[in-house]
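This report concerns only the one structure given below.
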Amino acid sequence: MTTEKIPMLVARNVHKSFGENQILKGISLEVRKGEVMCLLGPSGSGKSTFLRCINHLEPITRGRIYVDGTLVGGRVRKGRIYEQTETENCRMRREIGMVFQQFNLFPHMTVLQNIIEGPVTVKRENRARAVDRAVRLLDQVGLRRWESSYPDQLSGGQQQRVAIARALAMKPKLMLFDEPTSALDPELVGDVLAVMKDLARTGMTMIVVTHELGFARGVAHKVALMDDGVMVETGTPEKVFDAPENQRTRSFLSNVDK
């Protein structure tokens, strides 16, 4: 199979439990390279947990997840799966960018230092090359003149755009967004969504947990509704928003502003 035909993400019957509390109850999903997948659903439905399982921040209880054809969190040897070492997991995570609800920037570092920290420290890249790419990324997210500022000098929307640039600096093959606008004041949401729309246009594969239905309708190739740890409905935005088949989907959409 050629690499072009290998999906960027394949999740097969993924379960995740914390003790007796079952969070994911058999999630199966496929995302092709270059696609944007938006995950919708009420709070507590398992969306964020599923994202954390994709990059093995949370090990799954049962099932399998593959990113670009590689099994996440394990190695297959003679038909058996063996848990990877944490060093191997960290190496895998370099390929997957993640943007959280909170910005998680280093408060003692400038914007530029935040962006180059991963490439220089983790990937051992040449500092001058990392700085050059960081400056280009700051241009991309509209924050070039803020490179010497510290996080507490920025608005929440600006900090989130820096967080996106920082994730992109690692040159990931897949980007995960966990409700990236939920902690922002309403007037700051648009700038972050604009950056994400531009990123989608470049062909970056993205999985986005969001309550921004307008973004999902306009940008996503696929939309999925999660509820109580299961995938209720998956399809194109047109299908899910305009002609949902599942009553739970219809109920959810009717209670959320479109």
Side-chain angles (χ1 to χ4, degrees), residues 5-76 81 83-84 89 92-93 95-101 172-180 182 204-213 215-216 219-237 239-241 244-253 256:
K5 293 183 179 180
I6 297 174
M8 182 59 74
L9 173 79
V10 175
R12 295 179 179 168
N13 196 31
V14 173
H15 291 71
K16 173 63 182 178
S17 297
F18 295 97
E20 298 297 317
N21 189 16
Q22 192 173 8
I23 305 299
L24 302 179
K25 305 172 183 178
I27 298 293
S28 293
L29 186 69
E30 184 173 301
V31 180
R32 311 295 297 182
K33 294 178 181 179
E35 286 185 336
V36 177
M37 163 66 79
C38 284
L39 300 181
L40 312 177
S43 298
S45 59
K47 306 183 301 298
S48 296
T49 297
F50 179 55
L51 278 199
R52 293 174 64 84
C53 289
I54 292 173
N55 63 5
H56 206 60
L57 288 175
E58 294 290 352
I60 62 177
T61 305
R62 181 155 52 96
R64 295 190 183 189
I65 298 175
Y66 298 86
V67 172
D68 201 17
T70 300
L71 181 66
V72 171
R75 289 171 285 119
V76 180
I81 297 177
E83 177 71 16
Q84 288 186 155
N89 288 329
M92 177 270 300
R93 290 189 193 109
E95 305 289 324
I96 304 172
M98 188 159 184
V99 178
F100 299 88
Q101 297 178 29
K173 60 179 66 173
L174 171 64
M175 284 286 289
L176 309 176
F177 293 86
D178 186 9
E179 297 192 37
S182 66
M204 173 63 73
T205 311
M206 300 162 58
I207 303 176
V208 185
V209 172
T210 184
H211 292 292
E212 300 289 342
L213 300 193
F215 173 85
V219 178
H221 298 88
K222 296 177 182 175
V223 174
L225 179 75
M226 287 183 65
D227 189 29
D228 194 28
V230 300
M231 286 291 182
V232 174
E233 188 161 354
T234 304
T236 64
K239 175 183 177 295
V240 173
F241 286 118
E245 297 178 355
N246 192 285
Q247 175 56 40
R248 182 65 186 93
T249 308
R250 292 192 289 271
S251 174
F252 174 79
L253 294 175
V256 179

Check: Val14 main-chain N/O paired with Arg64 side-chain donor or acceptor under 3.5 Å:
no
Heavy atoms only: give me the nearest Ile23-Gly46 pair and the separation to one decimal.
CG2-CA, 4.0 Å
If you define the side chain from C-beta out and look only at heavy atoms, does anything of Arg93 sit under 4.5 Å from Met98?
no
Atom pair NZ/OG1 of Lys222 and Thr236 - distance to nearest 0.5 Å:
10.5 Å
Non-hydrogen side-chain atoms of Leu40 and Phe241 separated by less than 4.5 Å:
yes
Any side-chain heavy atom of Val256 sitting closer than 4.5 Å to one from His211?
no
Nearest 0.5 angstrom please: Met226 CE to Leu29 CG, how far?
9.0 Å
Got a salt bridge between Glu233 and Arg248, using NZ or NE/NH1/NH2 to carboxylate O under 4.0 Å?
no
Is there a side-chain contact between Ile54 and Leu174 in this structure, where contact means two heavy atoms from C-beta onward sitting under 4.5 Å apart?
yes
Looking only at heavy atoms, which two atoms of Gly69 and Ile6 are closest? And how far apart?
N-CG2, 3.6 Å
Which atom names give the shortest non-hydrogen contact between Val240 and Thr234, and what distance separates them?
CG2-C, 4.1 Å
How long is the gap from CG on Asn89 to CD on Glu83, to the nearest 0.5 Å?
6.0 Å
Could you report the tightest heavy-atom contact between Ala220 and Cys38, atom names first, then the distance?
CB-SG, 3.8 Å
Should Val31 and Ile207 be marked as a side-chain contact (heavy atoms from CB on, under 4.5 Å) after you check the CA-CA gap, both sets of side-chain angles, and the distance that decides it?
CA-CA 8 Å; Val31 180; Ile207 303 176; 4.2 Å; yes
Beyond-backbone contact of Leu39 with Met231, side-chain heavy atoms, under 4.5 angstrom:
yes
Please report the interatomic distance OG(Ser17) to NZ(Lys25), rounded to the nearest 0.5 Å.
9.0 Å
Taking all heavy atoms of Ile65 and all of Leu9, pick out the closest pair and write down the distance.
CG2-CD1, 3.8 Å
Quick one: CG on Asp178 to OG on Ser48, what's the gap to the nearest 0.5 Å?
3.5 Å
Run the side-chain contact (heavy atoms from CB on, under 4.5 Å) test on Met175 and Val208 for me, step by step, so that the C-alpha distance in whole Å, both residues' side-chain angles and the decisive distance to 0.1 Å come before the verdict.
CA-CA 8 Å; Met175 284 286 289; Val208 185; over 6 Å; no
Non-hydrogen atoms of Thr249 and Pro244 that approach each other most closely
CG2-CB, 3.6 Å
Mind checking whether Lys16 and Phe50 have side chains closer than 4.5 Å, heavy atoms only?
no
Do any N or O atoms from the side chain of Arg12 and from the backbone of Gly26 form a donor-acceptor pair under 3.5 angstrom?
no
For a 4.5 angstrom cut-off between non-hydrogen side-chain atoms, does Thr205 reach Lys173?
no
Gap separating the CG atom of Leu176 from the CE atom of Met206, nearest 0.5 angstrom
10.0 Å
Does Pro172 reach the side chain of Glu95, with side-chain heavy atoms less than 4.5 Å apart?
no
